[in-house]
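Only heavy atoms go into these numbers, but all of them, side chains included; no hydrogens, no water, no symmetry mates.
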Protein chains: 2
Amino acid sequence: MPPHPDPAEISLQQVLEALVDPVRRQIVRELHAAGEDLRCGVIDLPVSKSTATHHFNVLREAGLIRQYYVGTSRMNALRRDEVERAFPGLLALVAADTPSGAQLSGVG
Amino acid sequence: MPPHPDPAEISLQQVLEALVDPVRRQIVRELHAAGEDLRCGVIDLPVSKSTATHHFNVLREAGLIRQYYVGTSRMNALRRDEVERAFPGLLALVAADTPSGAQLSGVG
DNA sequence: GGCTTGGTTCGATGGCTGTCGTACGATGGG
DNA sequence: CCCATCGTACGACAGCCATCGAACCAAGCC
């Protein structure tokens with residue numbers, strides 16, 4: 001399994017590059033909401049398998065998730081504490097975001 | 001002067017797209033550090049004038065700064081409170097960032 | 001009026017990245 | 001062993017975006 005960056009090596013630049021993509025924010029949101037590690041497959045992404053792999057890689061290289069194998073499945077773990085320590089409040093912003101811009105409950 | 005988005009219309013997507021560029025984060029940092037509105041010219045950017053104009057536009061359209069004319073100069077104001085209300089802690093993350101990755105005082 | 005300063009607009013360009021399909025690899029079940 | 005499942009690796013492609021230079025405009029000053 002390719003290397004994970006040390007907590008101290010996580011850069012804001014790379015984290016922002018990772019989080020600027022809506023698909024990758026969706027992954028982070030679902031991991032955050034689930035509260036547990038998830039296999040790649042259980043996250044329903046609007047892209048092909050190869051593209052999904054790409055997105056998971058970007059998140060891992062940015063230091064946002066940790067990946068490990070379980071059988072033929074790859075598990076994904078949100079690096080909550082480390083990210084929170086490096087960038088306080090960042091995960092909360094992503095988690096609170098509403099992809100379809102439906103944050104206005106009284107819309108319509 | 002082109003329109004500024006309402007505070008309620010500021011989207012995380014657009015804000016991240018704005019902040020993912022190092023030049024634009026530099027602008028935000030300097031506005032944050034200055035604590036007052038700054039003319040475009042006083043921020044020393046590593047790009048040409050036309051590119052700088054582009055970056056200021058992106059920041060304005062994302063809702064991060066407010067722009068108004070003073071004579072032939074364009075003033076830039078960080079929309080602190082509105083951004084803070086929409087995305088708590090985000091400005092602090094950008095402000096605390098060290099572009100050259102020199103945040104580790106005890107490195108070596 | 002003419003010059004300088006400060007910034008915008010336009011068009012072109014290069015590189016990056018998100019996307020896909022296909023082929024491949026590994027694990028586990030019958 | 002054969003096959004299904006889950007994910008990776010590779011190569012190709014399209015679209016976007018940061019960048020620049022040159023031309024332009026507006027305000028102030030002498």
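Evaluation of the salt bridge (charged side-chain N to carboxylate O under 4.0 Å, His left out) test over residues 41-55 of chain B, restricted to residues two or more places apart or in two chains, returns none.
Using a 4.0 Å heavy-atom distance criterion, Ser73(B) is classed as a sugar-phosphate-only contact.
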Nucleotide pairing, DNA chain C (Watson-Crick or G-U, distances under 3.5 Å), in dot-bracket with [ ] and |: ||||||||||||||||||||||||||||||
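Rounding to whole angstrom units, CG of residue Asn57(A) and C1' of dC6(D) are separated by 15 Å. Atom CE in Met75(A) sits about 13 Å away from atom C1' in dC6(D), given to the nearest Å. Going from atom CG of Leu45(A) over to atom P of dG7(D) covers 11 Å, rounded to whole Å.
Every residue two or more places apart in sequence or in another chain that forms a side chain to side chain contact (heavy atoms under 4.5 Å, CB included) with Ala95(A) is listed here: His32(A). For Glu17(A), there are no salt bridge (charged side-chain N to carboxylate O under 4.0 Å, His left out) partners, not counting sequence neighbours. With sequence neighbours left out, Val58(A) forms a side chain to side chain contact (heavy atoms under 4.5 Å, CB included) with Ala18(A), Arg24(A), His54(A). With sequence neighbours excluded, the residues forming a side chain to side chain contact (heavy atoms under 4.5 Å, CB included) with Glu61(A) are Gln14(A), Asn57(A), listed by chain and number. With sequence neighbours excluded, the residues satisfying side chain to side chain contact (heavy atoms under 4.5 Å, CB included) with Val83(B) are Leu64(B), Arg79(B), Leu91(B). Under the rule for a salt bridge (charged side-chain N to carboxylate O under 4.0 Å, His left out), Arg85(B) has no partner lying at least two apart in sequence or in another chain. Applying the salt bridge (charged side-chain N to carboxylate O under 4.0 Å, His left out) criterion to Arg80(A), with sequence neighbours excluded, gives no partner residue. Contacts of Thr53(B) classified as side chain to side chain donor-acceptor pair (under 3.5 Å), with partners at least two apart in sequence or in another chain: none.
Arg25(B) and Glu30(B) are not joined by a salt bridge, as no carboxylate oxygen comes within less than 4.0 angstrom of a charged side-chain nitrogen.
The footprint of chain A on DNA chain C, defined by a heavy-atom cutoff below 4.0 Å, extends from dG18(C) to dG28(C).
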Contact letters for nucleotides 10-30 of chain D, in which S counts primed atoms plus P, OP1 and OP2 and B counts the base, heavy atoms under 4.0 Å: --------SBBB----BS---
